[in-house]
Every structure is written in C-alpha cells, then in structure tokens.
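Please read the structure below before turning to the comments.
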Amino acid sequence: MRNKHLKESFYLNKNIIDVSENLLGKVLVTNINNTITSGIIIETEAYAGIDDKASHAYNNKRTQRTETMYQKGGIAYVYLCYGMYYLFNVITNIEDVPHAVLIRAIEPLDGINEMQRRRKIKSKKYNLTNGPGKLSIALGIDKSFNGESLLSNIVWIQDNGIKFNKKDILSRPRIGVDYAKEDATLPYRFYIKDNKWISKL
DNA sequence: AAACGGATTGGCT
DNA sequence: GCCAATCCGTTTC
C-alpha cells in the first residue's frame with residue numbers, strides 16, 4: 001500500500017501547470033478508521049502563487065488560513081468554502097512558495113458504498129464526486145485534514161498506472177473565480193475530455 | 001434548460 | 001457587513 005504513494009519529489013515540482021496535469025489519472029485515497037475510499041482524479045485547477053489573483057495567497061498574503069499553503073509541497077490544504085463545504089488542495093513547490101492544486105472531481109474507485117452513505121444519496125448517478133465539495137464529503141475530508149502529509153496513511157495520492165492521451169487533457173478557465181479580474185480567464189482548469197464525472201461542462 | 005435562492009461560517013474590510 | 005475556489009431543490013421560461 002504505502003509503496004504506491006507518490007514520492008515527495010512529485011510535490012516539489014516547481015511547475016504548477018505540470019503538476020496539475022500530472023495529477024490527472026492519479027488516485028486520491030483516504031483511510032478513515034480503516035475504511036478506504038478512493039477515486040481517480042479527472043479534474044484539477046492550478047492556483048499559481050502570489051501573482052495569481054484567484055489564489056488565497058495572492059500578493060503574498062499570509063494569514064492563519066493561508067499559512068498551510070506556504071509549507072513544503074506534499075501536504076493537503078483544506079479550507080471551508082461558502083460556509084459548508086471543505087475543498088481539498090494539494091500543496092506543491094518548496095517552502096514559502098504557496099502553490100496549490102484544487103482537486104475538482106474524481107471518478108469513484110474504492111469504497112463506493114461508503115461514499116454513497118456519506119453523501120446521503122441513493123441513486124447511482126454521476127453526482128457522487130463530480131465537484132470539489134462533493135468529493136470531500138464522499139472521501140470524508142474535513143477541516144482536520146488541513147496540513148496533513150500526503151505521505152501519511154490517512155490521505156495520500158498513488159499511481160495505479162492510469163494514463164490519458166495528451167490530446168484528451170483539456171485546459172479551460174477556472175470555475176467560480178470571477179473576482180480574480182484578468183486572472184479569471186487563465187486556462188488553469190484541467191480535465192479529461194468526455195469524462196462523465198467532470199464538475200461542469 | 002436555465003435561473004434563483006437558501007444553507008452556513010470564517011475571513012477580511 | 002459582505003463575500004466566498006459550492007451544492008441542491010425549486011421556480012420559471
């Protein structure tokens with residue numbers, strides 16, 4: 001199990017676009033009280049540090065909340081959004097460079113029954129994990145995951161050998177960042193073409 | 001099919 | 001006090 005964890009070097013990559021694309025096809029896993037749930041990452045968004053107006057760390061802003069983003073790559077940044085949803089990010093780059101990748105959607109893999117129970121939905125539709133708030137509920141990710149190491153046995157990302165064709169990786173503007181002015185149109189959202197679990201078309 | 005509003009709370013002005 | 005890296009049920013076209 002542990003040998004499948006992505007290594008720390010993966011998270012120290014200084015190219016946030018590169019990491020955002022490389023995370024597609026990797027598997028995000030949580031292990032809560034020995035219950036494993038996981039899914040294939042099929043949609044990500046890059047938040048490119050202090051010059052990115054959509055980033056919480058824009059203008060090198062350091063607060064209690066953003067401090068997690070400034071740690072060395074390889075940890076989770078989880079924050080409360082709209083008062084009720086926890087959004088899961090992967091922190092990358094070296095210490096003091098606040099790069100983050102928001103995981104926006106996953107394709108369910110292991111523990112689907114448990115995920116449905118957590119989401120309180122009965123029908124087997126595509127709304128189980130097709131959004132950043134939804135996948136956190138499904139995987140049991142809450143505030144306590146903030147700052148957790150991705151080399152831990154609580155939450156991690158592994159490589160199951162899933163590969164996508166480069167031409168099936170699309171890049172488009174990010175979702176819900178209209179406040180970011182000119183940076184709102186940067187093509188920093190990456191997802192798999194025609195995948196049924198995308199958060200939005 | 002699209003538009004709208006309510007839920008709910010922490011962060012910052 | 002206002003707004004936010006969202007979601008869902010309901011209303012309206």
Side-chain angles (χ1 to χ4, degrees), chain A residues 16-17 19-21 23-24 28 37 39 41-71 73 75-93 97-108 115-148 150 155 157 170-192 195-201:
Chain A
I16 188 69
I17 303 304
V19 184
S20 300
E21 290 185 347
L23 279 170
L24 296 171
L28 176 59
T37 50
I41 297 169
I42 51 89
E43 179 175 345
T44 62
E45 277 181 2
Y47 285 85
I50 65 174
D51 297 320
D52 181 355
K53 292 185 176 173
S55 172
H56 294 162
Y58 173 60
N59 214 11
N60 210 24
K61 180 162 66 178
R62 277 182 180 262
T63 63
Q64 188 166 11
R65 178 173 72 153
T66 65
E67 204 53 38
T68 305
M69 302 181 77
Y70 290 85
Q71 293 185 47
I75 65 169
Y77 170 47
V78 178
Y79 75 95
L80 182 64
C81 187
Y82 292 102
M84 42 186 354
Y85 296 105
Y86 290 105
L87 271 52
F88 178 87
N89 297 253
V90 175
I91 295 302
T92 70
N93 215 313
V97 180
H99 283 186
V101 180
L102 171 66
I103 307 300
R104 282 196 58 88
I106 60 175
E107 180 175 330
M115 289 196 266
Q116 287 174 331
R117 207 164 57 72
R118 288 176 182 150
R119 287 275 291 128
K120 299 181 170 51
I121 56 177
K122 33 193 181 277
S123 68
K124 229 181 179 180
K125 280 286 289 173
Y126 292 119
N127 62 354
L128 185 61
T129 56
N130 64 342
K134 300 177 200 180
L135 73 88
S136 286
I137 295 170
L139 294 177
I141 292 169
D142 62 19
K143 187 182 198 158
S144 71
F145 283 66
N146 186 43
E148 184 66 58
L150 297 178
V155 57
I157 298 171
L170 303 183
S171 63
R172 294 287 184 274
R174 292 170 290 188
I175 303 291
V177 296
D178 293 344
Y179 58 88
K181 312 210 169 165
E182 67 269 23
D183 288 346
T185 58
L186 291 171
Y188 282 180
R189 175 187 180 218
F190 303 91
Y191 61 95
I192 304 303
N195 188 287
K196 298 289 194 294
W197 299 88
I198 293 304
S199 65
K200 292 184 176 170
L201 290 180

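Order of the sequence lines sets the chain letters (A, B, ...), proteins ahead of strands, with each chain counted from 1.
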A/Tyr179-C/dA4 aromatic stacking (under 5.5 Å, under 30°): no

Nearest whole Å is fine: how far is C/dA5 P from A/Asp183 CG? 13 Å

Side-chain touch A/Leu128/A/Lys134, heavy atoms, less than 4.5 angstrom: no

Should we count CD of A/Glu182 as having more than 12 external heavy atoms under 6.0 Å? yes

Given the rule in the side-chain contact (heavy atoms from CB on, under 4.5 Å) test, do A/Lys200 and A/Arg172 qualify, once you have shown the distances and angles that lead to the verdict? CA-CA 11 Å; A/Lys200 292 184 176 170; A/Arg172 294 287 184 274; over 6 Å; no

Rounded to whole angstroms, how far apart are CD on A/Gln64 and P on B/dT9? 18 Å

Test side-chain contact (heavy atoms from CB on, under 4.5 Å) applied to A/Arg174 and A/Asp183, step by step: CA-CA 9 Å; A/Arg174 292 170 290 188; A/Asp183 288 346; 4.2 Å; yes

Identify the stems formed by DNA chain B, where each pair is Watson-Crick or G-U wobble with both distances under 3.5 angstrom and a stem is at least 3 consecutive pairs. B:1-7 with C:6-12, B:9-12 with C:1-4

Heavy-atom nearest pair, A/His56 first then A/Thr66, reads O-CG2, 3.5 Å

If we only count heavy atoms from C-beta on, is the A/Phe145 to A/Leu139 side-chain gap below 4.5 Å? no

Does atom OH of A/Tyr188 have more than 12 heavy-atom neighbours from other groups under 6.0 Å away? no

Using whole Å, report how far NE2 of A/His56 lies from C1' of C/dA4. 8 Å

Reckon A/Ser55 touches a base, only the sugar-phosphate, or nothing at all at heavy-atom distances under 4.0 Å? nothing

Could you tell me which non-hydrogen atom of A/Ser20 sits nearest to which non-hydrogen atom of A/Ala46, and how far apart they are? OG-CB, 3.3 Å

From CE of A/Met69 over to P of C/dA5, roughly how many Å is that when rounded to an integer? 11 Å

Atom-pair distance (CG on A/Asp178; C1' on C/dA5), nearest Å: 11 Å

Given A/Tyr86 and A/Leu80, is the side-chain contact (heavy atoms from CB on, under 4.5 Å) satisfied, shown in steps? CA-CA 5 Å; A/Tyr86 290 105; A/Leu80 182 64; 3.8 Å; yes

Check the distance between C/dA5's P and A/Lys181's NZ and give it to me in whole angstrom. 14 Å

Whole-angstrom distance between C/dA5 and B/dT13, as gauged at atom P: 14 Å

What string of B, S and - do you get for nucleotides 6-13 of chain C 5' to 3' if you count protein non-hydrogen atoms under 4.0 Å? BSS-----

